[in-house]
Enquirer: 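I have a structure here, written as structure tokens, and I will follow up with some questions on it.
Note that the coordinates shown come from a computational prediction; the quantities given were computed from them, not determined experimentally. Reckoned from all heavy atoms, side chains included, excluding hydrogens, waters and symmetry mates. A note on names: the letters A, B, ... follow the listed sequences, proteins ahead of strands, and every chain is numbered from 1.
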2 protein chains.
Amino acid sequence: MTHLLPLADEPAPERADAARNREAILAAALRLVRTRGVGCVTMDTVAAEAGVGKGTLFRRFESREGLMAAVLNESETAWQGQVISGPPPLGPGAPPLDRLLAFGHSRLRTNLTHAELIAAAGRPGARSAAAVSFANMHVRYLLGELGVTGDLLMLATALLAPLEMVVLDQQVNAEHIALERIEAGWDDLVRRVVGA
Amino acid sequence: MTHLLPLADEPAPERADAARNREAILAAALRLVRTRGVGCVTMDTVAAEAGVGKGTLFRRFESREGLMAAVLNESETAWQGQVISGPPPLGPGAPPLDRLLAFGHSRLRTNLTHAELIAAAGRPGARSAAAVSFANMHVRYLLGELGVTGDLLMLATALLAPLEMVVLDQQVNAEHIALERIEAGWDDLVRRVVGA
DNA sequence: CGTCGAAACGGACCGCGGTCCGCTTCTATT
DNA sequence: AATAGAAGCGGACCGCGGTCCGTTTCGACG
């Protein structure tokens, strides 16, 4: 038994080879997604490309959805960076309303861009918890800056909901609504909610 | 060759045995979903229960998602009946705002009740096209009655979006938000949108 | 270093959704 | 009633996601 007491229950340190494999897998997956498209990426393929056994994939990333979520997370993180410290109006420096509007447009485009990946990542992935709550927090913050009062968490959720892929997909692929109209509709919604 | 000219291109009449099988399959699926829960219903099981070959399932209902969508559609239709001709405030007879609020609450509960089935029916099913557009149309109508002006299709979509299962699931299962709060949040959203 | 327990590995294996194709059944027509 | 061919049928078959478990590798400690 080691001498130190487990003050905080750390999430288990992960062995060196494990970390190496995780990275190899993620890299392989990213490469395959880019070259062949999401639909053609099977777990066996990724395993082969990464030079590991299939079992390893599933130990590191729970499921196919989990792996896809991890791949998606790559670009998601970059996007979050833009929001937090990128150039205005998306990043800080612009008036709150401008930022909010820019945020919505950006999210819209981003979601549409990664549509396939988002679908493959599935809903119940760890993606939701992270991505959704980041977006929600940011919108809540901007609503606060705008002086909006009320249940901000609910309000933020309401603003974010129409930007979810389920909704967007229906509008774009089934109803063939133009992007500009969706954007305009969202702007309108925002203005009504903030009471401008 | 028959004598009559195909004035309208009818969707092919469906043979007697085909119709019989479709019904048997649907009934079997419904029964199994009720007794064992959605997760335990495999296509082979349904086929056995209905006394047909597996191939038949896939010819009638495209995919597992399609079959689940058909099962779901059963209760969906009943619900639409309530909205169109049921007792107020959900049905006709109450003031538009009351109807709209009742509509939202009802949809919320219904979605939550059929959560599993909705998940199993998947997004890209024919379910969207029908169910979503019915709801949208109804909300649009009520917004009209309330004298709201603007892009009603977008507005209706915005009001419906927070009631989608993707959003609800996140709120209920991940963030553990109470139902009452979600309802109150939606009511608030509605009031802001209609400008009351 | 050598040792030892835990963690990680890999690939054979399984179940399920989905397809395919040779056989059967229906129905329109005479 | 006979017939022809289209529509439907069924179950063997396939590929993929996911699991399991005997073997290998790591790294903490003496």
Enquirer: Taking only side-chain N and O atoms of Arg20(B), does any of them lie within less than 4.0 angstrom of OP1 or OP2 on dG8(D)?
Expert: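 The answer is no; no side-chain N or O of Arg20(B) sits under 4.0 Å from OP1 or OP2.
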Enquirer: Look at Arg15(B) and dC9(D) and indicate whether a side-chain polar atom (N or O) is within less than 4.0 Å of OP1 or OP2.
Expert: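 For Arg15(B), the contact criterion (side-chain N or O under 4.0 Å from OP1 or OP2 of dC9(D)) is not met.
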Enquirer: Quick one: is Arg59(B) getting a side-chain N or O under 4.0 Å of the dT19(C) phosphate, OP1 or OP2?
Expert: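 The answer is no; no side-chain N or O of Arg59(B) sits under 4.0 Å from OP1 or OP2.
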Enquirer: Which sits closer to the 5' end of DNA chain C, Ala18(A) or Ala16(B), going by the nucleotide each is nearest to?
Expert: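 On the 5' side of the pair lies Ala18(A).
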Enquirer: Given that Gly51(B) and Glu62(A) both sit by DNA chain D, which one's nearest nucleotide is further toward the 5' end?
Expert: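 Its nucleotide being nearer the 5' end, the pick is Gly51(B).
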Enquirer: Touch check for Arg22(B), heavy atoms < 4.0 angstrom, all strands: base, sugar-phosphate only, or nothing?
Expert: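 It contacts nothing in the nucleic acid.
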Enquirer: Taking only N and O in the side chain of Thr56(B), is any of them less than 4.0 Å away from OP1 or OP2 of dG10(D)?
Expert: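 Answer is yes, contact under 4.0 Å.
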Enquirer: Write down the distance between CG (Leu57(B)) and P (dC20(C)), rounded to a whole number of angstrom.
Expert: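 Spelled out: CG on Leu57(B) to P on dC20(C) is 17 Å.
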Enquirer: Please tell me if Arg64(B) has a side-chain N or O lying less than 4.0 Å from either OP1 or OP2 of dG17(C).
Expert: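 Yes, within the criterion.
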Enquirer: What is the distance, rounded to the nearest whole Å, between atom CE of Met43(B) and atom P of dC13(D)?
Expert: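 So the CE-P distance, Met43(B) to dC13(D), works out to 21 Å.
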Enquirer: Just how far, in rounded Å, is C1' of dT25(C) from CD of Glu14(B)?
Expert: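 That distance rounds to 15 Å.
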Enquirer: Return the value, rounded to whole Å, for the distance between atom CG of Asp17(B) and atom P of dA6(D).
Expert: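 The answer, rounded to whole Å, is 17 Å.
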Enquirer: Check whether any side-chain N or O of Asn21(B) sits under 4.0 Å from OP1 or OP2 of dG8(D), and answer yes or no.
Expert: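 Checking Asn21(B) against dG8(D): no side-chain N or O falls below 4.0 Å of OP1 or OP2.
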Enquirer: Where the side chain of Arg99(B) meets the backbone of Val83(B), is there a donor-acceptor pair that is under 3.5 Å apart?
Expert: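 Indeed, once roles are kept as given, a pair shorter than 3.5 Å links the two residues.
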Enquirer: Any carboxylate oxygen within less than 4.0 angstrom of a Lys/Arg side-chain nitrogen, looking at Arg107(A) and Glu76(A)?
Expert: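 Answer for the salt bridge query: yes.
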Enquirer: With the threshold set at 4.0 Å, does a side-chain nitrogen-carboxylate oxygen contact exist between Arg140(B) and Glu145(B)?
Expert: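 Looking at Arg140(B) and Glu145(B), the cut-off is not met.
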Enquirer: Using whole Å, report how far CZ of Phe58(A) lies from C1' of dG18(D).
Expert: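 One finds 5 Å between C1' of dG18(D) and CZ of Phe58(A), rounded.
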Enquirer: If I take atom CG in residue Asp44(B) and atom P in nucleotide dC13(D), what distance separates them, rounded to the nearest angstrom?
Expert: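 From Asp44(B) CG to dC13(D) P: 15 Å.
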Enquirer: Any donor and acceptor pair, going by atom type alone, linking the side chain of Trp186(A) with main-chain N or O of Met154(B) inside 3.5 Å?
Expert: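 No; judged by distance alone, with no hydrogens or angles, the pair does not exist.
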Enquirer: Nearest-Å distance, CZ (Phe61(A)) to P (dT19(D))?
Expert: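 Taking CZ of Phe61(A) and P of dT19(D), I get 16 Å after rounding.
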Enquirer: Are Glu183(B) and Arg109(B) close enough for a salt bridge, meaning some N to O gap below 4.0 Å?
Expert: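 Looking at Arg109(B) together with Glu183(B), the answer is yes, because their closest N to O distance falls below 4.0 Å.
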Enquirer: Rounded to whole angstrom units, what separation is found between the NZ atom of Lys54(B) and the P atom of dC14(D)?
Expert: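 So the two atoms are 13 Å apart, to the nearest Å.
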